[in-house]
Trainee: 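Take a look at the following structure, please.
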2 protein chains.
Amino acid sequence: MATIKDVARQAGVSVATVSRVINGSPLTKSDTADLVKRTMRELGYRPNAAARTLVSKRSRAIGVVVADVSDPFFGSLVKHVDTIAHRQGHHLLIGNGYHEAAREKQAIESLIQNQVASLIVHSKALDDDTLRAFSEEHGAIVFINRLIPGLEGRCIFLDNYRGAFLATEHLIEQGHRYVAYIGSSHPIEDTVQRQQGYEDALNTYRVTDKTHPVMMAFDTPDETGGERAMAKLMADNPNLSAVFCYNDIMAAGAMTALTDRDFRVPEDVSVVGFDDSLIARYLHPKLTSVRYPIEEMAALAAEQAIAVSSQQPMRDEKGNYTPTLIKRNSVAKPNE
Amino acid sequence: MATIKDVARQAGVSVATVSRVINGSPLTKSDTADLVKRTMRELGYRPNAAARTLVSKRSRAIGVVVADVSDPFFGSLVKHVDTIAHRQGHHLLIGNGYHEAAREKQAIESLIQNQVASLIVHSKALDDDTLRAFSEEHGAIVFINRLIPGLEGRCIFLDNYRGAFLATEHLIEQGHRYVAYIGSSHPIEDTVQRQQGYEDALNTYRVTDKTHPVMMAFDTPDETGGERAMAKLMADNPNLSAVFCYNDIMAAGAMTALTDRDFRVPEDVSVVGFDDSLIARYLHPKLTSVRYPIEEMAALAAEQAIAVSSQQPMRDEKGNYTPTLIKRNSVAKPNE
DNA sequence: CTGAAAGCGCTAACAT
DNA sequence: ATGTTAGCGCTTTCAG
């Protein structure tokens, strides 16, 4: 690889001059600049990013920690971060946390070590204190899908409670009285917030009459988990007519369980999911789901992260996003 | 950030000693090593990766270029590369090419500049010469989903032809005579290879009788493309009873077009997809599809890339993968 | 407008 | 077993 010295020698200038044209410094004569540029091209010169980062103490890298890139939800998050990053001349380092505290921690540490200028972290397994410590260490970390007390300005998150409330309310408004909740057995805050929204919606509508019982089942947040939870719910509650699920995948499992038992969706049982992920549109019937505006959230996270890292004035946008309900074909009025 | 000097001073040793314990050199007394380790911990020291890369001329980074991380297919590829990389102490830099030559080129260049030790490239828009030039420049590039003449040992790819043949043959064996192909209008080699496999399967079965006509339509490789192509096919060929599609998304679109016209799948028309992606299992009916073993391919790519970059002896595995047919519920025997 | 020179934090001879 | 030291490729004063 040609170095800056090679270019300097070949062009008959000093390395300082070459450095200046690399960085587009205005105080180089355009003649010299042209000469240098030509030489760089001839030599196939590429500035060594490691050297630049070392000396200037700032890289153009943005680190992203997600649970699992192969999950379309996180894929989408990464993509939108990349779009913004690319626009600003930054590139991405990624780390997978796989919902495990140790892996998440390791991923963050690895990225810090690799001198990322900023960091976008989706962590559910690490506690507030650990995250606060990282935030103190790095300075340019933005947390996505999480609200950490004391770090409100660095958090971008969704109102899970409201999404769940919306979904449950929609079901109630359709006339359902026996609405169940299928939750995740993973001990992360999202599931309790969604459960709370579900329960509160139910409670809101039974202040006058006591006719909306709470029915819940918890299992792993995947397809078979949804299937098992639904099976359990059906066994325990014969007159159930609607379910709100923690996410779309569990909803898919729930629909399978229902279909296997000859219940039709939505004629016999209505189903609502959460995330409005890719599969929502491919399920049969198409799934009504709470939309998670991850694209916007990821883009904002990237903008904030880069702004903080380059001490630009950060647009003071609130990190709190409100979900909306996307109505498709998995909800109908109850029978009778 | 504490540097190696800080640690050395604090521990009362030289930077060389600290460097030795960082790198697990065996020639340090375990007493000193322990002391140094403790000091590193106390100071919250993290080795500066940029400095290490600069001086040692090798990083522990592996670059991955895909078309779009938010596509589950690529997400899966990235994940499996990460798994292997992580196991070997490497981390990932990613770049999106979005099927555009300029973006792909830029992504590769950016990664090279960032001193990745190795590179896994999924490129469909760049020509062989460009890719060969990059390969010459970097040395540790592995190409995935592509076969570049002269670089066979660095290519990991799927036998598209065989996959298409398999799918078409399966349809014929079920008794179908009017089997159509929905292809991608993008000018990449995959689509012509799959078309060839389709045509050859048809030809194989009409050597004795001329009863299997070729019927094709091409459109964008997405859902609406599949829908349009299917509509066109139906209009032109009233007695068509089966379609083989370029990928699962187009198959999804085709199924929509069919359903909209009151044709049942698979009773009236059988459908086969390609990739066996996430959605294949969620479509209704579940889609029979050609499985693309991207996980294994990605893992092998990562292993090879790392091996080459660290001049380890590379296991001489062939990069040629054979697809298999995953039978689900979208294929049946034809009517009558 | 350009050049000389001092490091950035670390590794790897080379000494001891 | 440990210390000294010369850079890696680049940016950035500071002089001219």
Side-chain angles (χ1 to χ4, degrees), chain A residues 1-37 39-40 43-61 89 109-110 112-117 137-138 310, chain B residues 1-40 43-61 89 109-110 112-117 137 310:
Chain A
M1 259 303 273
T3 74
I4 197 171
K5 277 189 190 163
D6 300 327
V7 178
R9 191 177 324 116
Q10 176 90 3
V13 298
S14 73
V15 294
T17 302
V18 178
S19 175
R20 288 194 188 94
V21 348
I22 291 172
N23 296 288
S25 160
L27 20 65
T28 359
K29 211 164 56 184
S30 64
D31 285 1
T32 359
D34 288 347
L35 169 64
V36 171
K37 280 181 195 155
T39 313
M40 293 197 300
L43 265 43
Y45 169 72
R46 297 192 199 289
N48 182 321
R52 301 181 80 167
T53 299
L54 177 59
V55 62
S56 64
K57 299 181 158 328
R58 56 201 152 77
S59 79
R60 298 183 79 62
E109 287 173 340
S110 161
I112 292 179
Q113 241 183 58
N114 282 285
Q115 311 299 121
V116 292
E137 178 176 354
H138 192 97
S310 49
Chain B
M1 258 303 272
T3 73
I4 197 171
K5 276 188 191 162
D6 301 326
V7 177
R9 190 177 327 114
Q10 176 89 3
V13 298
S14 73
V15 294
T17 302
V18 178
S19 176
R20 287 193 189 95
V21 348
I22 291 172
N23 297 289
S25 159
L27 20 64
T28 0
K29 212 165 55 185
S30 62
D31 286 0
T32 7
D34 288 345
L35 170 63
V36 171
K37 280 181 197 156
R38 186 149 21 86
T39 313
M40 294 197 298
L43 265 44
Y45 169 73
R46 300 191 197 288
N48 182 320
R52 303 180 77 168
T53 300
L54 178 59
V55 62
S56 64
K57 298 180 156 334
R58 56 201 153 76
S59 79
R60 298 182 81 59
E109 286 172 340
S110 162
I112 292 179
Q113 251 190 42
N114 283 283
Q115 312 299 120
V116 292
E137 177 176 354
S310 50

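Order of the sequence lines sets the chain letters (A, B, ...), proteins ahead of strands, with each chain counted from 1.
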Trainee: So, B:S19 side chain and B:V15 main chain: donor-acceptor pair closer than 3.5 Å or not?
Mentor: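 Pair absent, no side-chain N/O of B:S19 close to backbone of B:V15.
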Trainee: Would you say the side-chain atoms of A:D6 pair up with the backbone N or O of A:T3, donor to acceptor, closer than 3.5 Å?
Mentor: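 Between the backbone of A:T3 and the side chain of A:D6 there is a qualifying donor-acceptor contact (under 3.5 Å).
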Trainee: Through what angle, rounded to 10 degrees, does the axis of the helix from C:dC1-D:dG16 to C:dT16-D:dA1 turn between its ends, using five pairs per end?
Mentor: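 Between the axes fitted at each end of the helix from C:dC1-D:dG16 to C:dT16-D:dA1 lies an angle of 30°.
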Trainee: For B:A50 and B:A16, take the nucleotide of DNA chain C holding the closest heavy atom to each; which residue's nucleotide lies nearer the 5' end?
Mentor: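 Its nearest nucleotide lies further toward 5', so the answer is B:A50.
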Trainee: Please assess B:M40 against B:V21 for the test side chain to side chain contact (heavy atoms under 4.5 Å, CB included), listing each intermediate value before the final yes or no.
Mentor: CA-CA 10 Å; B:M40 294 197 298; B:V21 348; 4.0 Å; yes
Trainee: Starting at atom CG of B:L35, determine the distance to atom P of D:dG3, rounded to an integer number of angstrom.
Mentor: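 It works out to 11 Å between those atoms.
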Trainee: Would you confirm whether A:N48, through its side chain, and A:A50, through its main-chain N or O, come within 3.5 Å as a donor-acceptor pair?
Mentor: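 Here the side-chain-to-backbone pair exists.
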Trainee: Is the backbone N or O of A:Q115 less than 3.5 Å from a side-chain atom of A:S59, with the two atoms forming a donor-acceptor pair by type?
Mentor: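 It does hold such a pair.
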Trainee: Should A:I22 and A:I4 be marked as a side chain to side chain contact (heavy atoms under 4.5 Å, CB included) after you check the CA-CA gap, both sets of side-chain angles, and the distance that decides it?
Mentor: CA-CA 10 Å; A:I22 291 172; A:I4 197 171; 4.1 Å; yes
Trainee: Expressed in angstrom and rounded to an integer, what is the separation of B:D34 atom CG from D:dA1 atom P?
Mentor: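 Checked: the CG to P distance equals 14 Å.
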Trainee: Separation of A:L54 atom CG from D:dG7 atom P, in whole Å?
Mentor: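 Those two atoms, CG and P, are 17 Å apart.
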Trainee: How would you label the contact of A:V13 with the nucleic acid (heavy atoms, under 4.0 Å): base, sugar-phosphate, or nothing?
Mentor: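 Touches sugar-phosphate only.
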Trainee: Walk along DNA chain C from 5' to 3' and tell me the first and last nucleotide with an atom closer than 4.0 Å to a non-hydrogen atom of chain B.
Mentor: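 First-to-last contact on DNA chain C, by the 4.0 Å heavy-atom rule, is C:dC8 to C:dA13.
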Trainee: Rounded to the Å, how far apart are A:Y45 OH and D:dC10 C1'?
Mentor: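 Distance check: A:Y45 OH to D:dC10 C1' gives 7 Å.
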Trainee: Roughly, in whole Å, what's the span from CG in A:N48 to C1' in D:dG9?
Mentor: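 The answer, rounded to whole Å, is 6 Å.
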Trainee: I'd like to know if the side chain of B:R60 and the backbone of B:G89 have a donor-acceptor N/O pair within less than 3.5 Å.
Mentor: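 Yes, the answer is positive, given that a donor and an acceptor are paired below the 3.5 Å cut-off.
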Trainee: To the nearest 0.5 Å, what is the distance between CD on A:E109 and CZ on B:R46?
Mentor: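 Interatomic distance, A:E109 CD to B:R46 CZ, rounded to 0.5 Å: 4.5 Å.
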Trainee: Of all of residues 1-9 of chain A, which get a heavy atom below 4.0 angstrom from DNA chain C, listed by number?
Mentor: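 Output list: empty, so none.
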Trainee: If I take atom CD from residue B:Q113 and atom CE from residue A:M1, how far apart are they, to the nearest 0.5 angstrom?
Mentor: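 Spacing of CD (B:Q113) from CE (A:M1) equals 7.5 Å.
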Trainee: Which whole-number value in Å describes the distance from B:R58 CZ to D:dG9 C1'?
Mentor: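 Nearest whole value for this atom pair: 17 Å.
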Trainee: Base, sugar-phosphate or nothing for A:T53? Non-hydrogen atoms, less than 4.0 Å.
Mentor: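 Nothing: the residue A:T53, judged by heavy atoms under 4.0 Å, touches no strand.
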Trainee: For DNA chain D, whose closest nucleotide is more 5', that of B:S56 or that of B:V15?
Mentor: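 On the 5' side of the pair lies B:V15.
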Trainee: Would the distance check show the side chain of A:T39 and the main-chain N or O of A:L35 forming a donor-acceptor pair, the cut-off being under 3.5 Å?
Mentor: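 Looks like yes, one N/O pair under 3.5 Å.
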Trainee: For a quick check of understanding: with a heavy-atom distance under 4.0 Å over all strands, which category does A:S19 fall into, base, sugar-phosphate or nothing?
Mentor: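 Base contact - A:S19 has a heavy atom under 4.0 Å of at least one base atom.
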Trainee: First locate atom OG of A:S30, then atom NZ of A:K37, and finally report the distance between them rounded to the nearest 0.5 Å.
Mentor: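 Atom-to-atom, A:S30:OG and A:K37:NZ are 8.5 Å apart.
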